[in-house]
J.: 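One structure follows; several queries about it will come next.
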Number of protein chains: 2
Amino acid sequence: MRALIVEDEPRIAADLERALKAAGFLVELAGDGETAWFRGGTEDYDLIVLDLNLPRLDGLSVLKRWRAEGCESPVLILTARGAWTERVEGIDAGADDYLPKPFRMEELIARARALVRRAGGRGNATQQVGRLTVDLNRMTAAVDGIPVAVTPLEFRLISYLALNRDRIVAPTELLEHLYGDDESRELNAVEAIITRLRRKLGPGVIGTRRGFGYHLEDEPPPGAAGDGRAQGRT
Amino acid sequence: MRALIVEDEPRIAADLERALKAAGFLVELAGDGETAWFRGGTEDYDLIVLDLNLPRLDGLSVLKRWRAEGCESPVLILTARGAWTERVEGIDAGADDYLPKPFRMEELIARARALVRRAGGRGNATQQVGRLTVDLNRMTAAVDGIPVAVTPLEFRLISYLALNRDRIVAPTELLEHLYGDDESRELNAVEAIITRLRRKLGPGVIGTRRGFGYHLEDEPPPGAAGDGRAQGRT
DNA sequence: CCCGCCCTGTCAGCCGGCTGTCAGGAAAGC
DNA sequence: GCTTTCCTGACAGCCGGCTGACAGGGCGGG
């Protein structure tokens with residue numbers, strides 16, 4: 001999960017970054033409205049945390065521009081306590097949730113996770129796809145109910161697949177959501193993680209669609225009769 | 001265990017602080033309603049002791065606001081003797097227990113401990129996880145029934161792990177619950193305590209999940225015979 | 001008031017797991 | 001059968017976590 005934090009107060013930004021990283025997010029920062037606008041408009045984030053008080057370009061304007069440009073990332077805005085108008089305006093401008101300052105970090109993490117899950121179409125914290133179970137809160141994975149130890153990066157990959165279960169995810173997209181704007185990684189890095197995951201999870205969990213990308217196997221092959229290609233479409 | 005005392009009478013506050021510290025809590029103080037609200041809304045406490053008579057913002061309002069904001073810490077309210085209505089209102093507002101003034105410190109400690117344990121999902125004063133036993137009242141620890149001498153800080157750490165047995169606890173979270181808002185400590189301090197604890201408790205008690213955090217080992221390896229099968233976690 | 005012990009945080013160095021890269025091999029599509 | 005795409009085992013660098021050593025501070029005893 002790739003997140004963008006838009007916050008000019010360095011101290012708060014650092015706290016947010018630490019908390020989100022601990023929650024398994026890949027975190028990027030923007031300190032003012034203009035860079036925020038640029039980043040959010042250019043890159044694809046699974047979550048944006050947006051403070052409204054910003055230098056150079058205020059948060060509401062940034063949000064409106066994003067939405068006008070077709071950016072659909074879930075946005076969680078941080079408002080000053082009691083600033084009613086800000087909240088209303090924020091929701092109007094396309095925010096998905098708001099959190100009044102000051103707040104506790106757990107609260108933010110909980111809402112952040114809820115937003116990400118909701119964006120995936122399902123509200124539940126434990127995602128079940130075929131034989132695989134992914135617990136987004138506890139950051140654990142299991143196959144057929146048997147827990148499997150996964151590393152942080154492996155978990156990020158598999159949870160991204162779980163949240164995008166009903167489509168094929170391109171390797172380049174995975175690259176982007178695993179490493180953000182760090183361009184130095186090669187595509188093969190994703191393949192390596194996939195291999196390691198498959199070794200841990202066993203066969204029949206992560207599927208490949210040659211030329212398109214990866215996806216989680218929807219259902220266990222119903223009969224022992226192995227018809228190699230159950231999927232009709234291509 | 002991190003506790004917040006909300007009490008404007010300095011004398012009582014000092015008594016409470018002393019007693020809770022002696023009981024192994026990490027104690028922070030708030031002298032009026034507004035700071036109490038701020039602290040409780042921002043930080044994560046394992047217990048809050050709340051006097052209802054407060055300057056600037058009365059206790060019930062503080063409690064209601066906390067609950068409205070999603071604060072779930074157990075709250076023990078102190079009421080004046082015979083103030084029936086206060087108790088009822090307190091429970092309605094989301095208090096977990098109340099104690100009429102004046103009270104004996106032992107009574108408060110007992111209830112405080114009960115609340116903390118209940119928040120951990122188990123009511124028992126002696127927590128058992130795998131080979132480890134932690135007695136929250138006597139502040140003692142034992143492995144395989146053999147008592148182990150632990151220092152106050154070590155005990156706070158291990159009891160926190162015991163009360164959060166069914167999840168991985170991040171080092172930063174331990175830092176927060178061991179030292180509160182004292183930011184001066186480094187992460188390495190936690191690692192040092194872990195090392196000392198492991199030396200005392202022996203292997204197979206405190207486990208590490210690289211990249212995630214620490215947890216108490218759930219079950220002793222059943223037989224000396226290593227079951228070579230792919231263990232889900234280690 | 002001084003002394004000494006215990007507790008505890010910091011530092012530095014070591015170790016091992018995580019992870020990216022490479023190169024060769026297998027499989028799918030034509 | 002050839003090409004393209006993907007898989008995978010091996011290897012190396014890096015970073016996170018572990019640990020022994022040291023120092024400062026608090027507390028109790030003398």
Side-chain angles (χ1 to χ4, degrees), chain A residues 18 21-22 24 26 139 141 148-158 168-180 182-215 226 228-231 234, chain B residues 18 21-22 24 26 139 141 148-158 161 168-180 182-215 231 233-234:
Chain A
R18 193 169 40 79
K21 273 187 178 169
L26 169 71
M139 294 193 277
V148 175
V150 292
T151 69
L153 204 52
E154 288 167 358
F155 182 79
R156 257 195 259 157
L157 193 157
I158 207 175
I168 308 291
V169 179
T172 56
E173 184 181 343
L174 283 173
L175 204 63
E176 189 175 337
H177 283 257
L178 288 180
Y179 306 107
D182 180 355
E183 309 279 344
S184 64
R185 301 299 162 24
E186 318 228 339
L187 261 178
N188 192 286
V190 171
E191 297 169 5
I193 303 177
I194 291 278
T195 292
R196 282 162 189 149
L197 267 173
R198 286 213 250 242
R199 190 178 307 150
K200 289 182 178 179
L201 303 175
V205 177
I206 303 180
T208 304
R209 205 60 152 270
R210 182 168 259 255
F212 295 97
Y214 301 98
H215 68 108
R229 36 147 196 113
Q231 31 271 74
T234 303
Chain B
R18 200 165 31 77
K21 274 187 178 169
L26 168 71
M139 291 192 276
V148 176
V150 291
T151 69
L153 203 51
E154 288 168 358
F155 182 79
R156 253 195 261 157
L157 193 157
I158 207 175
L161 285 184
I168 308 288
V169 179
T172 57
E173 184 181 341
L174 284 173
L175 207 61
E176 190 174 333
H177 283 257
L178 288 181
Y179 306 108
D182 181 355
E183 307 278 343
S184 63
R185 301 301 163 26
E186 318 231 339
L187 260 178
N188 192 293
V190 172
E191 298 168 6
I193 303 176
I194 292 277
T195 293
R196 284 164 187 147
L197 266 173
R198 285 212 251 243
R199 190 177 307 149
K200 291 182 178 177
L201 303 174
V205 177
I206 303 180
T208 304
R209 205 63 153 273
R210 184 168 258 250
F212 296 106
Y214 300 99
H215 68 109
Q231 55 252 46
R233 52 222 217 110
T234 295

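Keep in mind it's a predicted model, so treat the numbers as computed, not measured. Within every chain, numbering begins at 1; the chains are lettered A, B, ... in the order of the sequence lines, protein sequences first and strands thereafter.
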J.: Only one of Leu197(B), Val150(B), Val169(B) clears side chain to side chain contact (heavy atoms under 4.5 Å, CB included) with Leu157(B); which?
T.: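 The single option meeting the side chain to side chain contact (heavy atoms under 4.5 Å, CB included) with Leu157(B) is Leu197(B).
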J.: Considering only heavy atoms from C-beta outward, does the side chain of Ile193(B) approach that of Thr151(B) to under 4.5 Å?
T.: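 No, their side chains stay 4.5 Å or more apart.
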J.: Roughly how far, to the nearest 0.5 Å, is CD of Glu186(A) from CD of Glu191(A)?
T.: 10.5 Å
J.: Show the atom names and distances, to 0.1 Å, of all donor-acceptor pairs under 3.5 Å that link a side chain in residues 172-180 of chain B to residues at least two apart or in another chain.
T.:
| unit_1 | atom_1 | unit_2 | atom_2 | d |
| --- | --- | --- | --- | --- |
| Glu173(B) | OE1 | Arg167(B) | NH1 | 3.4 |
| Glu173(B) | OE2 | Tyr160(B) | OH | 2.5 |
| Glu173(B) | OE2 | Arg167(B) | NH2 | 2.5 |
| His177(B) | ND1 | Asp46(B) | OD1 | 3.4 |
| His177(B) | ND1 | Asp46(B) | OD2 | 2.9 |
| His177(B) | NE2 | Asp44(B) | OD2 | 2.9 |
| His177(B) | NE2 | Tyr160(B) | OH | 3.3 |

J.: Rounded to whole angstrom units, what separation is found between the CG atom of Leu201(A) and the P atom of dT8(D)?
T.: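 In whole Å, dT8(D) P and Leu201(A) CG are 13 Å from each other.
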J.: Would you say that Ile194(B) contacts Tyr214(B) through its side chain, given a criterion of any heavy-atom pair below 4.5 Å between the two side chains?
T.: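 Side chain of Ile194(B) against side chain of Tyr214(B), heavy atoms only: contact under 4.5 Å found.
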J.: Is the backbone N or O of Ile206(B) less than 3.5 Å from a side-chain atom of Arg198(B), with the two atoms forming a donor-acceptor pair by type?
T.: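 Yes, Arg198(B) side chain to Ile206(B) backbone: donor-acceptor pair under 3.5 Å.
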J.: Tell me the interatomic distance from Leu197(A), atom CG, to dT8(D), atom P, rounded to whole angstroms.
T.: 12 Å
J.: Can you tell me if Lys200(B) has over 12 outside heavy atoms packed within less than 6.0 Å of its NZ?
T.: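 Atom NZ in Lys200(B) is crowded, with more than 12 foreign heavy atoms closer than 6.0 Å.
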J.: Quick one: CG on Leu201(A) to CD on Glu154(A), what's the gap to the nearest 0.5 Å?
T.: 8.0 Å
J.: Select from Tyr179(A) and Arg185(B) the residue whose nearest nucleotide in DNA chain C is closer to the 5' end of that strand.
T.: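 First, find each residue's nearest nucleotide; the 5'-ward one identifies Arg185(B).
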J.: For DNA chain C, note the earliest and the latest nucleotide, 5' to 3', having some atom under 4.0 Å of a heavy atom belonging to chain B.
T.: dC7(C) to dC18(C)
J.: Please work out if Arg210(A) contacts a base, only the sugar-phosphate, or nothing of the nucleic acid, heavy-atom cut-off 4.0 Å.
T.: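 Base contact.
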J.: Taking protein heavy atoms under 4.0 Å as touching, what does nucleotides 18-23 of chain D look like 5' to 3' if B marks base contact, S marks sugar-phosphate-only contact and - marks none?
T.: BBSB--
